[in-house]
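So the structure is just underneath, and the comments pick up after that.
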There are 2 protein chains.
Amino acid sequence: MRTGRPRSFDRHEALEGAIAVFWEHGYDATSIAMLTRALGIGAPSLYAAFGDKRALFLEALDRYIRTYGAFTARALAEEPNARDAVERLLREAAAAYTRPDRPRGCLLIAAATNCSPQSADIAARLRELRGVGARALEDKIAAAARTGELPAHTDAHALATFYAAVLQGMSAQARDGAAGTDLEQIADAALQAWPPAADQGASDGVGAAPK
Amino acid sequence: MRTGRPRSFDRHEALEGAIAVFWEHGYDATSIAMLTRALGIGAPSLYAAFGDKRALFLEALDRYIRTYGAFTARALAEEPNARDAVERLLREAAAAYTRPDRPRGCLLIAAATNCSPQSADIAARLRELRGVGARALEDKIAAAARTGELPAHTDAHALATFYAAVLQGMSAQARDGAAGTDLEQIADAALQAWPPAADQGASDGVGAAPK
DNA sequence: TCACTTCTGTAGTGATCGTTCTAGAAGTAC
DNA sequence: GTACTTCTAGAACGATCACTACAGAAGTGA
């Protein structure tokens with residue numbers, strides 16, 4: 001067994017609490033004092049357990065992505081069709097961004113939008129991770145264009161950028177107080193922009209050649 | 001003529017400089033030291049001319065809305081059709097949010113997304129002003145539903161919320177480094193979600209009843 | 001019991017925050 | 001010139017920032 005005085009708090013619970021505070025206020029606006037108050041532990045305990053503020057945030061971010069934010073990767077991985085994946089992504093985001101028991105919006109999107117120059121690396125890290133997500137979406141769309149789900153000439157980059165922007169807009173709206181139903185309607189509208197299916201008879205013909 | 005030592009700087013220019021700094025870094029992340037450095041004046045001069053940081057920001061915000069951000073109100077006021085207004089709004093936003101000579105994105109959207117609790121009133125003010133813009137858009141859409149430009153059953157609130165979210169997403173994308181062409185493609189995609197025209201023969205028939 | 005290790009609470013580090021005091025500079029009015 | 005007013009520069013205010021030195025508490029291993 002480990003020797004020495006045992007830790008007086010649960011590290012996992014503390015990390016969850018830190019996620020909540022960072023999620024609510026963002027990286028820069030979250031002070032160590034806010035964290036120690038929220039977690040009910042002293043600053044030295046926090047530093048001993050997690051390192052410094054940056055390391056704590058990065059660990060919280062990592063955990064966030066693998067839990068609260070995992071629905072995005074799941075939607076892309078589990079839905080065979082790109083259209084179904086995007087629809088599921090948007091609908092689950094509408095719910096996830098407006099849960100009453102959690103901070104609003106998306107931590108990955110909203111935690112470092114206004115940051116001081118000395119936190120620029122944190123903002124860059126979040127931007128990079130957003131880019132990874134957007135590229136996964138783009139790959140899904142490009143694959144659909146190859147399989148025939150979408151027209152071969154589909155601009156996967158443009159479409160992925162659009163839905164990435166819609167997600168960012170939904171997060172912003174959620175943080176502005178929009179209701180879950182409002183976000184669902186945003187999702188509905190965004191899905192109207194999905195390109196008409198490739199013209200092969202089975203489509204419903206919105207984009208089909210006339211006559 | 002006014003007595004006393006004359007001001008050593010141009011107040012108007014200083015306000016423009018403050019707009020640029022707040023636009024780039026947001027309210028909380030902008031320090032007085034950053035402002036005095038950028039404007040080339042001392043702190044007492046800044047305080048004498050503008051009051052405190054909050055008052056300076058609010059004055060910068062007011063000026064921003066009537067200059068850099070005025071294209072939104074103009075699009076809604078000058079375009080007779082709601083569809084044309086929204087298209088112009090999105091296309092001008094795509095350009096305005098990615099100008100190389102200005103900070104990226106929209107100050108009204110991005111200046112207080114992560115703010116400390118003691119700046120909550122600033123965030124609330126920005127949120128309120130965003131709400132004013134969204135309501136103007138909603139009114140424009142509702143009017144179009146009354147005149148027959150849009151179907152009478154059009155959900156103006158849902159559609160306005162969608163385009164408000166798209167604008168917020170475009171601002172976020174611009175701040176993430178997206179190119180002007182990327183934002184134009186977002187605008188194009190978002191316009192695909194515009195409802196089909198009311199069925200009265202003169203429409204181009206995308207949503208017209210078949211045969 | 002006693003050494004050893006690890007954690008906790010108090011208090012304090014230097015830096016930076018927004019803001020202001022104070023002394024003097026730079027103008028007008030007479 | 002002198003009086004008066006207004007602005008500027010430097011220094012400093014208390015508060016808060018992220019972070020840590022230090023001393024004692026609380027456990028294990030002998």
Side-chain angles (χ1 to χ4, degrees), chain A residues 1-15 17-18 21-22 24-61 111-112 114-123 125, chain B residues 1-15 17-18 21-22 24-61 111-112 114-123 125:
Chain A
M1 175 112 187
R2 255 170 78 90
T3 173
R5 177 172 176 175
R7 189 176 277 135
S8 67
F9 61 94
D10 182 71
R11 194 180 187 281
H12 188 292
E13 273 182 23
L15 185 58
V21 180
F22 281 127
E24 176 76 29
H25 297 100
Y27 178 74
D28 263 351
T30 296
S31 67
I32 299 293
M34 290 169 62
L35 289 166
T36 57
R37 201 181 317 126
L39 310 187
I41 63 177
S45 301
L46 190 151
Y47 277 85
F50 296 104
D52 60 0
K53 183 184 173 183
R54 182 181 321 269
L56 172 56
F57 177 78
L58 291 176
E59 190 173 341
L61 171 63
N114 315 121
C115 70
S116 61
Q118 60 262 40
S119 309
D121 59 330
I122 294 287
R125 175 73 181 140
Chain B
M1 174 108 187
R2 254 170 77 94
T3 171
R5 178 173 175 175
R7 189 177 278 134
S8 67
F9 61 95
D10 182 71
R11 194 181 186 282
H12 189 293
E13 274 181 24
L15 186 58
V21 182
F22 281 127
E24 176 75 30
H25 297 99
Y27 178 73
D28 264 350
T30 296
S31 68
I32 299 292
M34 289 169 64
L35 289 166
T36 57
R37 200 181 319 127
L39 309 186
I41 62 178
S45 300
L46 191 152
Y47 276 83
F50 298 104
D52 60 1
K53 183 183 173 184
R54 182 181 321 270
L56 171 57
F57 177 79
L58 291 176
E59 190 172 340
L61 172 62
N114 316 120
C115 70
S116 61
Q118 60 261 38
S119 310
D121 58 329
I122 294 288
R125 175 73 179 141

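Hydrogens, waters and symmetry mates play no part in the numbers below; they use all other heavy atoms, side chains included. A note on names: the letters A, B, ... follow the listed sequences, proteins ahead of strands, and every chain is numbered from 1. Keep in mind that this is a model prediction, so the values were computed, not measured.
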Report yes if at least one side-chain N or O of S45(B) is closer than 4.0 Å to OP1 or OP2 of dT8(D); otherwise report no.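 The answer is yes; a side-chain N or O of S45(B) sits under 4.0 Å from OP1 or OP2.
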Under 4.0 angstrom between S8(B) side-chain N/O and dC7(D) OP1 or OP2: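 No, outside the criterion.
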In whole Å, I'd like the distance from the [atom1] atom of [X] to the [atom2] atom of [N].
{"X": "R37(A)", "N": "dG9(C)", "atom1": "CZ", "atom2": "C1'", "value": "17 Å"}
{"X": "F9(A)", "N": "dA26(D)", "atom1": "CZ", "atom2": "P", "value": "17 Å"}
{"X": "Y27(A)", "N": "dC17(D)", "atom1": "OH", "atom2": "C1'", "value": "12 Å"}
{"X": "F57(A)", "N": "dC19(D)", "atom1": "CZ", "atom2": "C1'", "value": "19 Å"}
{"X": "I41(B)", "N": "dT6(D)", "atom1": "CD1", "atom2": "P", "value": "19 Å"}
{"X": "R11(A)", "N": "dT8(C)", "atom1": "CZ", "atom2": "P", "value": "12 Å"}
{"X": "F50(A)", "N": "dC7(C)", "atom1": "CZ", "atom2": "P", "value": "12 Å"}
{"X": "K53(A)", "N": "dT20(D)", "atom1": "NZ", "atom2": "P", "value": "14 Å"}

Between F57(A) and F22(A), how do the two ring planes meet: parallel, tilted or perpendicular, split at 30° and 60°?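 Because their plane-to-plane angle is over 60°, the rings of F57(A) and F22(A) count as perpendicular.
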Does L15(A) reach the side chain of L56(A), with side-chain heavy atoms less than 4.5 Å apart?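 Touching, per the 4.5 Å side-chain cut-off.
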Hey, are the side chains of S45(B) and F9(B) touching, using non-hydrogen atoms and a 4.5 Å cut-off?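 A side-chain contact exists here, since the closest heavy-atom pair is under 4.5 Å.
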First encountered from the 5' end of DNA chain C, between Y47(B) and R5(B):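 Comparing both residues, the 5'-ward one is Y47(B).
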What nucleic acid atoms does T30(B) come within less than 4.0 Å of, heavy atoms only: base, sugar-phosphate, or nothing?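 Here T30(B) touches the backbone only, sparing every base.
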Can you name the residues that form a side-chain hydrogen bond (donor to acceptor under 3.5 Å, both in side chains) with R7(B), not counting sequence neighbours?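 Counting only residues at least two positions away or on another chain, R7(B) forms no side-chain hydrogen bond (donor to acceptor under 3.5 Å, both in side chains).
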Which residues pass the side-chain hydrogen bond (donor to acceptor under 3.5 Å, both in side chains) test with D28(A), not counting sequence neighbours?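 So D28(A) forms a side-chain hydrogen bond (donor to acceptor under 3.5 Å, both in side chains) with S116(A), S119(A).
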From the options dT5(C), dG27(C), dT8(D), select the nucleotide whose nearest atom is closest to the side chain of R7(B).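 Nucleotide nearest to R7(B)'s side chain: dT8(D).
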Please give me the minimum heavy-atom distance between A43(A) and I32(A), naming the atom from each residue.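 The pair with the smallest heavy-atom distance is CB-CG2, 4.4 Å.
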Quick check: on DNA chain D, is the nucleotide nearest A48(B) upstream (toward 5') of the one nearest A33(A), or the reverse? Name the residue that is more 5'.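 So the residue in question is A48(B).
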One character per nucleotide, please: for nucleotides 11-16 of chain C, 5' to 3', B when the base has a protein heavy atom closer than 4.0 Å, S when only the sugar-phosphate does, - otherwise. ------
side-chain contact (heavy atoms from CB on, under 4.5 Å) for I122(B) and L58(B)? Distances and angles first, verdict last. CA-CA 8 Å; I122(B) 294 288; L58(B) 291 176; 4.2 Å; yes
